[in-house]
Structures are given as C-alpha cells and as structure tokens.
There are 4 protein chains.
Amino acid sequence: MSSYSDDENAVKQSVRVDLAVEAHEMVSENVDAIPGIHMDQTQEENWKISRMVVEDEKGARIIGKLPGRYVTIEVPELRKKDPELQEQISLLFAEEIKPFMTVADDARVLIIGLGNWNVTPDAIGPMVAESVFVTRHLFSLMPDLLDDGFRSVSAISPGVLGITGIETSEIVLGIVDRIKPDLVIAIDALAARSLDRVNTTIQIADSGIQPGAGVGNPRKALNRESLGVDVVAIGIPTVLDAATIASDAMELVLSHLDQRVPGTKQGDVIGRMTPEEKRAMVAEVLHPLGHNLMVTPKEIDEFVEDIAHVVALGLNLAIHKGLSIEDAKALTH
Amino acid sequence: MSSYSDDENAVKQSVRVDLAVEAHEMVSENVDAIPGIHMDQTQEENWKISRMVVEDEKGARIIGKLPGRYVTIEVPELRKKDPELQEQISLLFAEEIKPFMTVADDARVLIIGLGNWNVTPDAIGPMVAESVFVTRHLFSLMPDLLDDGFRSVSAISPGVLGITGIETSEIVLGIVDRIKPDLVIAIDALAARSLDRVNTTIQIADSGIQPGAGVGNPRKALNRESLGVDVVAIGIPTVLDAATIASDAMELVLSHLDQRVPGTKQGDVIGRMTPEEKRAMVAEVLHPLGHNLMVTPKEIDEFVEDIAHVVALGLNLAIHKGLSIEDAKALTH
Amino acid sequence: MSSYSDDENAVKQSVRVDLAVEAHEMVSENVDAIPGIHMDQTQEENWKISRMVVEDEKGARIIGKLPGRYVTIEVPELRKKDPELQEQISLLFAEEIKPFMTVADDARVLIIGLGNWNVTPDAIGPMVAESVFVTRHLFSLMPDLLDDGFRSVSAISPGVLGITGIETSEIVLGIVDRIKPDLVIAIDALAARSLDRVNTTIQIADSGIQPGAGVGNPRKALNRESLGVDVVAIGIPTVLDAATIASDAMELVLSHLDQRVPGTKQGDVIGRMTPEEKRAMVAEVLHPLGHNLMVTPKEIDEFVEDIAHVVALGLNLAIHKGLSIEDAKALTH
Amino acid sequence: MSSYSDDENAVKQSVRVDLAVEAHEMVSENVDAIPGIHMDQTQEENWKISRMVVEDEKGARIIGKLPGRYVTIEVPELRKKDPELQEQISLLFAEEIKPFMTVADDARVLIIGLGNWNVTPDAIGPMVAESVFVTRHLFSLMPDLLDDGFRSVSAISPGVLGITGIETSEIVLGIVDRIKPDLVIAIDALAARSLDRVNTTIQIADSGIQPGAGVGNPRKALNRESLGVDVVAIGIPTVLDAATIASDAMELVLSHLDQRVPGTKQGDVIGRMTPEEKRAMVAEVLHPLGHNLMVTPKEIDEFVEDIAHVVALGLNLAIHKGLSIEDAKALTH
C-alpha cells in the first residue's frame, strides 16, 4: 500500500488521507470554495465521478494533496458482483484514464503492481499487473501488432521491502532506467476514511505515488521528477482507516451525551471540542495499536479479485485501441 | 474463522468473544470468583498459561462459553521473529495439547484447517494443515511406522462456503463418516478483543468449534456430539475485534470529559452509563460497517506464517512420540 | 491425474491409454470395424469431434476402455491464445456435454477438481473447480434463482493422497454421501500419446473416473456404482506419455536401418518385430525411469489456464440455462 | 530455466548440456584426459562431489562449457525425504559455495531466483529467493547486525518474459545498477541428461548464467562482464532432457538387433552409426515436439520444495557466519 504524496506541511496532519475526494470533504465541510482547488462532480445512477485539480502549492497545503489532477470513480454497487455493472465500470474507467495517457500511439507502457501479494487487501496491485495483456515481448516476433492498434506493455510486481529487502522505488527506478518506458502506470491499494468507499472506488492521479509510505520511512516517490516519464497512479481503497471507527465512536458518545443533558454546561464542553482536539484523541486511541492496522471486510478476497479485473480490463481497453471489448475480456485473465 | 460455541443465552450478548481468557476478564472485573468456573494461571518470564474449566451450565451462562476445558498460551514476544522462542513455544504447546489427546497410541488423527486460504488472517488453519506431517497413506507401505511411535495422520482444508457452496461442517462430517478417525483436531483463526493477544496467543479447547459462525447462520458445531469422536479445537487470534477500537475511543472521550468537568453533573451522567449502554453504543457505531470487518496488522503474512509453523511443529511433536525435535523441525514445512 | 477405467484384461497392456480416440487408433490401424465399438467422427475447419460408444464387454476388452460413451473434441489451434476460438470451443463443449447431463432442471450438481494443485499440469481440475460459478449457498438466500434457470452447484478440489493422506475417492464418497448431489462432474488431467493432443483436447465420458490410478494402487473408481449418481468425467490431456518419445525414437531407427540395407536379412528382422515386441522394448526403456514421469511443454502454465477457462465457461453455460454467454463470461473467473 | 553459457562453437552441438559433469561424461567416454579441463571427484557414502575447472578456451570448446569453476554435488538419496541427510547436504553445500564467495565480511549480496513460479519444476529459483533470510532492510534499523556476523542480503524473483514482457536479464541489470551489490547469487532450474541426477544434484559455477536461454533467443548472460560483480550460479536439475528418453530407446533397439543377428552385415551397419548420426536421429525424433518439452516426475512439487529448502538453508549458513545451524533452520522458511 502507498500514500499519495503529501507535501511537507500536510504531513503534520495526524491522519494521512489517501483519497483526494476525502481530503476535499474534510476541508470543505467548513468552506464553500477552497482556494487553489477546482472540483467538479458528476452523479449518475450507478456512479459518481469527481474530477479535482490541485492547482498550486497553496491549494496543496490546504488540502494535503500534491498539485495535480485527481479523478475518482465511486460505484456503491461495485461490491455486488454484478457482471454488467463491472463491465460498464471498466469502460468508464478506460475513458477516464485515457486523458492521463498523453503519449504517442507507439508509446511503451510499464505497469507496476505495488503492494504485498501475500496480504489479500494489499495484493490488488500485483493482481492487476498479472491480469493485464503483456505485449512487449511479442513486438519483436509480431511487429505488425503496432499497426493493429496495440502498444508495447510490460508489467512487474516489485514486491515489498519485507520480502525483497529493497525499497520498492529502487527496484522500479532500476527497471525504468533500463527499459526506458514512455509511461508508467502504478496500481496500489489505499485506505479510505469512509467504509462506503472501500472496494467501490477507483482513483486516478498524475501527481505520483509513494510505495510503502509510512511514519519514519525515507519516502521516495515515483513521479515524473524521479522517473523521468509521466506516472499515472491508480489507487483502490481496499481497507478502512482505523481512525474512522475511533472517530465515529467518539462522535456517537458526544452526541449521545448532548441529547441526554441538553442545555447544560456539559453540552458546552462538547461544543468546545475542536476538530484538532478530536483528531488528537483519535490518535491517542490508535497509538497503542501502532500505525499499521488495516480494517477490511472478511470477503476481501472476492472484492479484490473483482476490482482487479475491472481495472485490468479497463487498462487493456485504454492502452490498446485495436482491442475490442470482446477480445479485451478474453485477454484479461 | 469460527466462533467457539456459545450457548443460547450467551448469544444474546451483543459481542461474541472467541477467547476464553477474554470472556473471563469481562466478567471477573466485577467479581472475584465466578460460580461454575475454575481458572488457574501461570506466569513465566516469556509466557502466561491460563487453564480454565467451565464446569457446568451455570458457569457457561455467566461466561458465555460452553462447558469444557480451555487452555490459553499467551506469548507477548511471539511477533518478534525469535527462532528460539518459537521453538520453545512449540514444545510448550505440544505439552499443553497432549492432555487433550486422550486416545490410544495407534489412534488415527484427522487435522482440519478451517478458514479461507485466500484471506491472509483467515488462512492460518489451512497453513497448519499443509504443514503437518501427514502419515496415513504411509502406513500401508510402512506398517512399522506405528511401532516407531508414529500415529496415522490425515489433513484437509475444507475451504469456506463462498468457495465450495457447501457448509464446512458438511464436508467435515462427510469425511469423518468415511475415514472414521479416532480424534479430530481443528485449527481456526479467531478475533481477539485485545490487540496484545493478536498473533501472540494459542487457545486449546475441548468444547467443539463452529466454522463460519456468524449472525443468522444456521450453525453446525464440530464436536463430540456431531462427529462421534473427540474434537480438539486450536484457535489463534489473528484479527482484532473492531469493537475494541470503538470501545477504546468511547472510554477515552468519557475520561477526557470527566477530567475537564470534575464534580459537575456531567461527570455523573457519564458515571451512569452502564456497561450495557456502552456495549449498545459500540454496536451502533459498528452497525453500518456490518459484522464482517477484520482489523489486522499490515505484516499479517509474516505473523501467520510464523505461528502456523509453531502450531504445526507442536502438533507433530504431540502426535508422534517417536519424533525427535530435530526430525519434527525438518518434517514441518 | 487419473486413468479412465480399464477393465481387467486391458490392464495387461503395457501402456495405459487415457484418451478413447487414441485407444481406438491403436486398434483400428489393423481393422476397419471393431466389434462392440461404434465410432463417429465430424471434422470441421477448426475442430474435430469423435463420438465413440463402447457397446459391450467384448468391445471393452478389445479397446481397453470401459463400456460407455466417449466424446472427444480436438482443437489443434487451442494453444494459440485466440480468444474467439476459445469462446467458440466453450460453446461447443457446452453443447456436447449437455446430453451427458440427463438430470432435472432443479438437479444439484457437484463439480470435483481432481489432481494436485501444486503441480502445474495436474492442476487443471482444481483450476476448473475454482473457476465455475458456485451457487448452492445462494439458493437459501435467493430461492428464485431456480426459476431463473440456475441450478445448484457446489465445487471442491479434494487434493491428492500425498497432501491429505486420504484417497481422493474416500473424500469424494464422504461428501457425496453427505450432500447427495444429483450429478457429479469430475475434471482431471490426462496423458496423451500424441503431442498434437496435449492441451488441445477435451474428452467427455460417462464411464467413470479413477483418481490417482497407477500401478499397484488399489483403485477405487468414481462412477454411478460407487457414488449412486451419474458421473460425467471431463479429461484434458496436459502431458505427453513418455512412451511416445521412446516409441517414436525406435520407429525412426528401424526405418533408418531399413532404408540403409534394403532387401537384406536385416530388413526382415525388423519386419518381424511385432507390435508386442516394440511395446515391450518401450517398457524396458522407461522402466528405470519409473512410471511417474510427465512430459509437458514449458509454457504449461498458460495452456492450463486457458483450457481451464474454456471448460469452466462451458460448464457454466451447460449447467445454467438462464445464463447468457456475456454473464457466463463475467462469472467465470 | 536457463542454460549455462556455451561458447559459440559449442552451440553447434545438437543438444545443450546444462550440467558440467554431464558435458564431461559425454566427452570423456572416449578420452582419458581432456586438454584444458581439470576434473577431480570425491565419492563419499551418501554423495559425490565433482570439482571441474575449464581452464581455457580450448577446454571450453571441447567440453562445451565456458571457462570457469564448476562444483557438482550429487546425492542419490536426496529424493528420499530424509531430514538428516537434507541437513547434511545443506552444510556440505554451504562449505562448497563459500570458496566462490570471495567477498568481504560486509559485502552486500543479491540473490536472484530465476524461472517461472507458475511452473512447478521451474519454480525452484523463486522458491529459494523467498526462503532465504533477507536482511538488507534491517541494517538501517539494526546496524549491529554486521558485527554479529551477518551480511546484507536482498532477494528478488524477476519472473519470466511471458509474465513481464521484459527479458529477465534486463530486470536484473536494472536492479544491480541501482542497488550495487558486491555479489550476485542466481538460482535456476536445469535439465539433466540422466534421470539419476534429476532432483538429486546441485551445481555451483562461476561462469555466469543465461536466463531463459533457448533457440533463437538473443541471449544476455548474467556474469561479471555484464553485471560488474561476481556472479555465482546455482543450478538444480529438476527436469530430464527429453533427448535422454529418445536416445535410450534407440540404443536399446540397436543392441536388441545386434543380439538377434550377430555376425551379420546388419551388425556392421549398426556399428557404423556414429555418435553424430545418433544425435541427428534424436534431434529428428524430438523436432516435431518442439524444443520446449520438459520431462519431470509427478511428485515434482515435493522434490522442488525439499531441495529449495536445502539450498536456502545452505545459503543462509554460507552468507552469515554469525548464524548457528539452529537459527539458520528457524530462519529458512
């Protein structure tokens, strides 16, 4: 799992926020418009698309996300195992990611599946990397592939520090240096603050990605600056931020007390608890638990398999314009 | 994952408690001695063993665990990847499980790895089943094995309902009917209420086990009554009960408010919140999240691998008295 | 892997033949029509279907296959990773297997994936079992499924003797006794005598199947007699019989010598080598190698994955008449 | 799987020979001493060690192996699942590989598991890479490790061309460029010409390794020249060369005919078949089968698991002199 790059100031926040829509929600509860942030949302029957641009450093500081574009597709029913909806979302995702792929028709794409394949909710990146249609090695045998609307695609899952002993970013940098792709697409698991978004949401961003980010880690981002090519990051929340449970519990106690003793001084006390105080208390609750707890549904294996397929199918469609939906489905394992 | 069988009354409790020591803690905060329950604890430098007997239905009702024996081994440092400690715990576990195996020297043992091998914290049962030394098929080729202190061992992982479409207990009952073992040992993942016990604790019980237990499930227990042979259940907490986080958060808010407004009416209000009220609020917080959330450390893959090895090695030692520790280590994959 | 049941006499043959079409070929080189055998073949552009009936014990003795129906679909291009062809073959296979499924619309089907999931060419049975659409557990939640043209399907992979210590047939018998399906469909890897048939062929038979058959094994068949319900066996050759290589090598030497010394006594010598002598020599060559060698292509992982998908998709279509091809594709993992 | 680098001339041979001892056998049947080759063999009760040096280009041309040192450990009983023997061989292997590791005590070692993890006999490299004790990431947290006799170890399995679309050597070169190890140890599956050596033999060589070598492949070696650091190659034959079966079958026919018609012209004919002719015939037999057939025992999963453990344990002992055999066993998964 990884964190979308926060800037220095944002790190001061007690809680990391992976999803741009959630970072936006946290700030915009209080304000109508956030300076330096442009947000546009489309609600359809089965999905909602949020297109957010963090326009400058000022917006980045306020919202805690690096400057760049963030598209989030939320599909509440995506957990329902509905094959038709899944196919629709693959097509929708393909359309949404295309504008991020500003490369030539003969561009070579490297797909990177971040995360630990031995931990189910963290395995979504490797699962996508295994499921996409890999073509790079076919081009020397079948050079006509290019004319037929196929791009050169390679795919790797670099593993995690605990398995290889090597920072993920080092492995990726080494391979990128060597094979010189024109575009890197990295897929990783995220943590959501709202359970509604776990296993129902796909985020696309152009601001880079930090594999294995965590407290005290010297974090090396994968972005245009470090890799020398565009990096499109696909993030899928597969776990819930443990802070959500703690926070919800606190709010409930407070509102409960409020109802019980209306009009008393106690209500004032609660009213005087600032968001910062609340956040500090959440941090205090979670502190003994360490920062590495994941909250995830028991059926995570099925959700991860389904969404990996949705994303891999969408990538195949977006990358190869010569691929019909029928062929793409057959070629997405 | 499974629940240790609670009796009818206990089910009314809002929160299921898998570990006998935790069920005991919840009740004995208030009372010194619980009628119908005998508890004996031994604290050593590196581990603590709790031997609890639920002596009758009365004790069972109070504590919410079925009558029977429960041995819990807690090893705080078990997550530390210390090979010597792990070996010590395998030996200790072997000694503790032997009294549960009141079968003849030529008894045939069936080991059942419960849980979903596709979900890391739920895979510990299948991992143990794969790691134990299986001998049943060797006896016809090498009948002398028996004289050498080996027992006939078979091992299966029946999968979960979502994979097979069949209740786990049906599969187990069918196989037991067919191969007629003298003893069944079932291994399953549990949920703990205290993070300290996650991936540090092994519970042994003789009161049976209910695979895939959950709200609304028609639960079929695996026990002497249903299988016709002794069932020894080994439970390892690999996840934290989500209620723990919610509950801790509430307590913190309450104590916080208490400090802030000492001596006021508000303090009284809080003081008047009974454990039942608190439990109801925890349930309310978790309700929208469903009952199927797991809270688990990010490094769960390593913990599960380590503990599965500790348990499998201990089982090999306990079952085959002809096996030296050296050979047992080599034969535990 | 398994052997289709040979009768007593056939066992005397030095080499086991899994595919009915190959057993037929071996005999019919010499004769036009085989008594007790009815064979009908259809050649299309991309595939060939052989429908063979072993009508009585006499035919069975001659051909070395038990009485029953055998349908073999050969698709030379199936290794070519052509998505359209694969889908065509799924549909074709669905049509061919339907006449074997003479059960009611509300019949309950148990799918059994035979073989060892840890050995790539032997993993095709378990892969199909994992890929089919399992519905049995959904019927209690959604009883309307039945009206919608869905049957109750459960699926298990019982593993192999070396993993569980239990004969595969014992596990299957136990589960069948318990859940009482109306039809069993068992999938297993076979050995072909011709490389052309490896990973290009699907055999359907109603004469039962013997998991883990081998020399000296007390073989327990899975068939109507043992299970009490119809058993449809699906066999896919994923390995080449090692005898094929030895046999081809011998023929080449002999024809070589023949050309070199035409008209001499030596030619006569070779001419006098009977098929039995040749077979004995093949057995002699392979004897030191044991009977458990597999010959398999290096890319076996991709072939097995592709064919498992073809078979699982075909099964989904054949079992559930309420399933469109589009939905079946989405539901076949 | 890979081929140990042959030089240009050797490639002309019809059959690639992976094991140095087998290349030596093929030549030395005819000659006592081979110019440019030094061979020294030690036979113990349970194993045989061959230490061969290809001293110059002349020797390399004759024997078809690149100049360098080759140590081969043959252990006929290694397939017997004898834990004590396996441990002995780990220790023996550790002693034999140490002279190849002419690096400082604080040298950083990169272990590379070559081969396809989805194909059982080809998965031995990745299995070793997963089983060794990885320490590189621990050094920043625990710098004292070094003083305690531990080296920095990282480990990766780069996959195969069909999975990633990238030549294995490109991935390895990229990572080596980036993390700059002092020593590379690469593990790969080999093909043996004698069944006796399959799953019983470990070869250590300092002449480099060519992942995925095959006919028509532009082969990029991993060696000191390409990587800039010493490369120790560990090869384990897990498959049998299909040519062996063909060749044995031919020899048998020929000797058979010889016995039958002694003293005739035919005998002369056979006597006149040169090794080259025989080799050409073997090639002719195998040609229609393609060059990518593997012959492997059915129980390959157990053999590969066992030998991967032997090698990983030996590597842990050879690399970290601070590691006791007991700790090494516990740390080798």
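Chain letters run A, B, ... following the sequence lines, proteins first, then strands; residues in each count from 1.
Not one N or O on the side chain of A:Thr296 forms a donor-acceptor pair closer than 3.5 Å with the backbone of B:Met294.
Atom CG of A:Asp122 sits about 9.0 Å away from atom OG1 of B:Thr120, to the nearest 0.5 Å. The distance from atom CG of B:Asn118 to atom CD of A:Glu299, rounded to the nearest 0.5 Å, is 13.0 Å. Between atom CG of residue A:Asp248 and atom CD1 of residue B:Ile245 there is a gap of 11.5 Å, rounded to the nearest 0.5 Å. Taking CG from A:Leu293 and CG from B:Leu240, the interatomic distance works out to 6.5 Å, rounded to the nearest 0.5 Å.
When heavy atoms are compared at a cutoff of 4.5 Å, B:Glu305 does not approach chain A at all.
In terms of non-hydrogen atom pairs under 4.5 Å with chain A, the most contact-rich of B:Ser247, B:Gly162, B:Pro297 is B:Pro297.
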